[in-house]
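This report refers to the structure that appears directly beneath it.
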Amino acid sequence: MIRILFICHGNICRSTMAQFVFQDMVEKRGIADKFVIDSKATSTEELGNPPHPGTVRKMREMGIPMVPHRASQLNRRDYKNFDYFIGMDTWNIRNMNRILDGDPEGKVYKLLAFHSDGRDIADPWYTGNFDETYEDVLEGCNGLLRFLEEEGLLAD
């Protein structure tokens, strides 16, 4: 079982989008049974809130199923329960390392490090551009899946 936790600031925009996109990818490939996929926040600002309406709109537009979700916060105990902690930007990575008390096993990554130069995924809470965020999330999720395949983690 590969346990992946996507993380952003509030857990209502980028990390939920990545969770839904990646879940859809593995479902379509028939390998969803190999994964536990979830998302969380580094902050407490949106705790208990559902995904942002912009994320919901974009997922519907793209035909990507969503699971019921309420924002929750990353905590130190999560480190033993997940294999990959995937942050959306540099600030998330800093906060993840703070919350997790470091990353001794090398489980923390930035999503776009799996596809490109590791640039940050802009927060659509501020930009309002859920289309651009979706394109970046899709790139990163494709790269993450390719990485897991190349590591031999998806072989039967």
Side-chain angles (χ1 to χ4, degrees), residues 1-42 46 49-75 77-90 92-93 96-97 100 103 105-125 127 129-156:
M1 196 62 69
I2 301 167
R3 300 162 300 169
I4 299 174
L5 189 61
F6 293 102
I7 298 142
C8 69
H9 183 73
N11 191 215
I12 63 168
C13 296
R14 297 171 292 174
S15 60
T16 53
M17 188 181 287
Q19 175 188 354
F20 301 149
V21 166
F22 197 77
Q23 186 69 51
D24 186 56
M25 286 178 161
V26 299
E27 291 281 348
K28 286 178 177 168
R29 292 179 189 222
I31 56 174
D33 61 327
K34 297 179 183 287
F35 291 91
V36 171
I37 303 164
D38 203 353
S39 63
K40 291 195 176 189
T42 59
E46 298 290 344
N49 288 336
H52 189 283
T55 295
V56 172
R57 178 193 53 76
K58 191 62 185 178
M59 295 299 92
R60 286 185 179 145
E61 177 185 319
M62 302 311 297
I64 296 174
M66 296 172 284
V67 297
H69 182 83
R70 296 286 178 180
S72 62
Q73 188 181 26
L74 177 68
N75 65 68
R77 293 179 309 279
D78 289 322
Y79 198 77
K80 69 179 182 340
N81 297 323
F82 288 90
D83 304 308
Y84 297 90
F85 293 82
I86 313 296
M88 302 296 130
D89 63 33
T90 303
N92 297 154
I93 300 296
M96 290 160 60
N97 282 312
L100 296 171
D103 181 24
E105 296 175 40
K107 298 179 179 186
V108 174
Y109 299 85
K110 194 188 297 183
L111 183 56
L112 282 177
F114 292 106
H115 184 269
S116 66
D117 58 0
R119 71 187 184 278
D120 289 349
I121 296 176
D123 190 342
W125 173 264
T127 68
N129 193 338
F130 285 84
D131 296 332
E132 179 182 7
T133 297
Y134 171 77
E135 292 302 323
D136 284 347
V137 164
L138 184 61
E139 280 183 27
C141 286
N142 277 319
L144 173 58
L145 194 54
R146 195 169 36 258
F147 167 80
L148 295 172
E149 288 169 343
E150 290 168 359
E151 291 292 307
L153 297 173
L154 302 180
D156 288 331

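The structure displayed is predicted, hence computed values, not measured ones.
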Assign the ring pair Tyr109 / Tyr84 to parallel, tilted or perpendicular, where the plane angle (0 to 90°) is split at 30° and 60°.
->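 Ring orientation of Tyr109 relative to Tyr84: tilted.
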Side chain to side chain contact (heavy atoms under 4.5 Å, CB included) with Leu5: which of Val108, Asp83, Leu74?
->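 Only one option passes, and that is Leu74.
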Looking at Gln73, Met96, Met88, which hits side chain to side chain contact (heavy atoms under 4.5 Å, CB included) with Thr42?
->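 Of all the options given, the one that passes is Met96.
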Check whether the side chains of Lys40 and Ser15 place a donor and an acceptor atom closer than 3.5 Å, and report yes or no.
->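 Checked: Lys40/Ser15 side chains show no N/O donor-acceptor pair below 3.5 Å.
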Could you verify whether a donor N or O on one side chain and an acceptor N or O on the other, from His9 and Asp89, lie under 3.5 Å apart?
->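 Absent: no donor and acceptor within the cut-off.
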Test side chain to side chain contact (heavy atoms under 4.5 Å, CB included) applied to Ile64 and Tyr134, step by step = CA-CA 11 Å; Ile64 296 174; Tyr134 171 77; 3.8 Å; yes
Could you pull out every donor-acceptor pair under 3.5 Å between side chains of residues 139-148 and any protein atom, sequence neighbours left out?
{"unit_1": "Glu139", "atom_1": "OE1", "unit_2": "His115", "atom_2": "ND1", "d": "3.2"}
{"unit_1": "Glu139", "atom_1": "OE1", "unit_2": "Arg119", "atom_2": "NH2", "d": "3.3"}
{"unit_1": "Asn142", "atom_1": "ND2", "unit_2": "Leu138", "atom_2": "O", "d": "3.2"}

Distance (rounded to the nearest 0.5 Å) between Ile4 CD1 and Gln19 CD |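 Between atom CD1 of Ile4 and atom CD of Gln19 there are 11.0 Å.
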Audit row: Lys110, Asp120, side chain to side chain contact (heavy atoms under 4.5 Å, CB included) steps and yes/no | CA-CA 8 Å; Lys110 194 188 297 183; Asp120 289 349; 2.8 Å; yes
Just jot down the ring pair (Phe, Tyr, Trp, His ring centres under 6.0 Å) partners of His52, sequence neighbours excluded, or say none.
->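 Trp125, Phe130.
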Under the 6.0 Å and 45° cation-pi test, does Lys107 pair with Tyr79?
->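 Positive - Lys107 is close enough to the ring of Tyr79 and near enough to its axis.
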Look at the side chain of Thr55 and the backbone N and O of Arg14, then say whether any donor-acceptor pair between them is shorter than 3.5 Å.
->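 No, Thr55 side chain to Arg14 backbone: no donor-acceptor pair under 3.5 Å.
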